[in-house]
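Report on the following structure.
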Amino acid sequence: MSVSAYLLRTMASVAPGTRVVDVAAGAGLHADALTRLGFDVWASAHDPADVAAARTRLADVLGDADEAERRVSRARPDALGYPDAFAPWAVATVSGADALADVFAEARRVLVPGGWLWTDLPGADATDLPDRLAQDKAAVAALAEAALAAGLAVASRPLVDEARGTIVAIFRRVDADTVG
């Protein structure tokens with residue numbers, strides 16, 4: 001699987017050096033790309049093989065294996081271990097609709113008030129992409145419902161990342177005092 005062009009275009013408008021938490025980072029594809037672009041990336045993965053792969057990727061980019069080990073932790077997506085309000089951005093590749101509520105609640109916790117969550121939901125059939133959103137109204141509804149339940153506002157209309165076969169959406173942590 002490749003890095004999402006939609007993620008890279010989204011992050012092009014974010015200042016380098018901004019802290020980004022990669023929730024459920026897998027083998028670290030997004031963490032690698034975002035670190036190369038100058039973001040302060042912290043990543044987590046639950047599978048030990050994914051943690052090792054992500055650490056190797058970041059060590060190559062950072063030139064420091066110890067720093068990569070510090071930045072990539074083994075954690076479940078619903079228990080990241082980062083402090084509250086840790087980052088203004090988070091990215092998450094959610095493995096299925098059943099995991100949305102937990103991932104979104106934990107992402108909201110680690111986001112600063114007004115922070116942003118970019119997410120994609122894998123599993124789209126690349127052969128049927130022109131009709132993907134229409135076919136997957138349930139998946140889109142599940143994204144919005146889980147976001148609302150976690151206290152996140154829908155910030156972008158969900159769309160299909162044809163290259164990756166995923167549904168992509170952006171959410172925002174909105175509190176009573178959130179500006180903008």
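Fair warning: this is a prediction, and the values are worked out from it, not measured in the lab. Note that these values count all heavy atoms, side chains included, but never hydrogens, waters or copies made by symmetry.
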Shortest non-hydrogen contact from [X] toward [Y]:
X	Y	result
Pro88	Thr18	CG-CG2, 3.4 Å
Ala65	Ala59	CA-CB, 3.8 Å
Ala146	Leu100	CB-CB, 3.5 Å
Val103	Pro77	CG2-CB, 3.6 Å

Under 3.5 Å, is there a donor-acceptor pair between the side chain of [X] and the main chain of [Y]?
X	Y	answer
Arg108	Gly151	yes
Arg71	Val41	yes
Arg109	Tyr82	yes
Asp22	Ala31	yes
Arg55	Val72	yes

Under a 4.5 Å cut-off applied to non-hydrogen side-chain atoms, are [X] and [Y] in contact?
X	Y	result
Trp116	Val14	no
Arg57	Leu29	yes
His30	Val23	no

Evaluation steps, side-chain contact (heavy atoms from CB on, under 4.5 Å), between Trp118 and Met11: CA-CA 9 Å; Trp118 179 95; Met11 297 308 289; 5.8 Å; no
Distance (rounded to the nearest 0.5 Å) between [X] [atom1] and [Y] [atom2]:
X	Y	atom1	atom2	answer
Leu58	Arg36	CG	CZ	9.0 Å
Phe104	Leu111	CZ	CG	11.0 Å
Phe171	Leu148	CZ	CG	10.5 Å

Co-membership, hydrophobic cluster, residues Leu159 and Leu7, 4.5 Å side-chain: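 Same hydrophobic cluster.
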Ile167 reachable from Val154 in the ILVMFWY side-chain graph, under 4.5 Å edges: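 Yes, same cluster.
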CD/Glu145: more than 12 non-hydrogen atoms of other groups inside 6.0 Å: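 Counting neighbours around CD of Glu145, 12 or fewer heavy atoms of other residues, nucleotides or ligands fall under 6.0 Å, so no.
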Identify all side-chain donor-acceptor contacts of residues 44-54 below 3.5 Å with residues at least two apart in sequence or on another chain.
unit_1: Asp47; atom_1: OD2; unit_2: Ala49; atom_2: N; d: 2.9
unit_1: Asp47; atom_1: OD2; unit_2: Asp50; atom_2: N; d: 3.1

Step-by-step side-chain contact (heavy atoms from CB on, under 4.5 Å) determination, Trp42 to Phe86: CA-CA 10 Å; Trp42 295 80; Phe86 182 66; 3.9 Å; yes
side-chain contact (heavy atoms from CB on, under 4.5 Å) between Leu37 and Leu8, intermediate numbers included: CA-CA 9 Å; Leu37 291 172; Leu8 298 178; 3.8 Å; yes
Asp66 bridged to Arg70 by N-O distance under 4.0 Å: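 Answer for the salt bridge query: no.
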Residue pairs passing the side-chain hydrogen bond (donor to acceptor under 3.5 Å, both in side chains) test where at least one lies in residues 5-14, sequence neighbours excluded: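 Of all non-adjacent pairs touching residues 5-14, none passes side-chain hydrogen bond (donor to acceptor under 3.5 Å, both in side chains).
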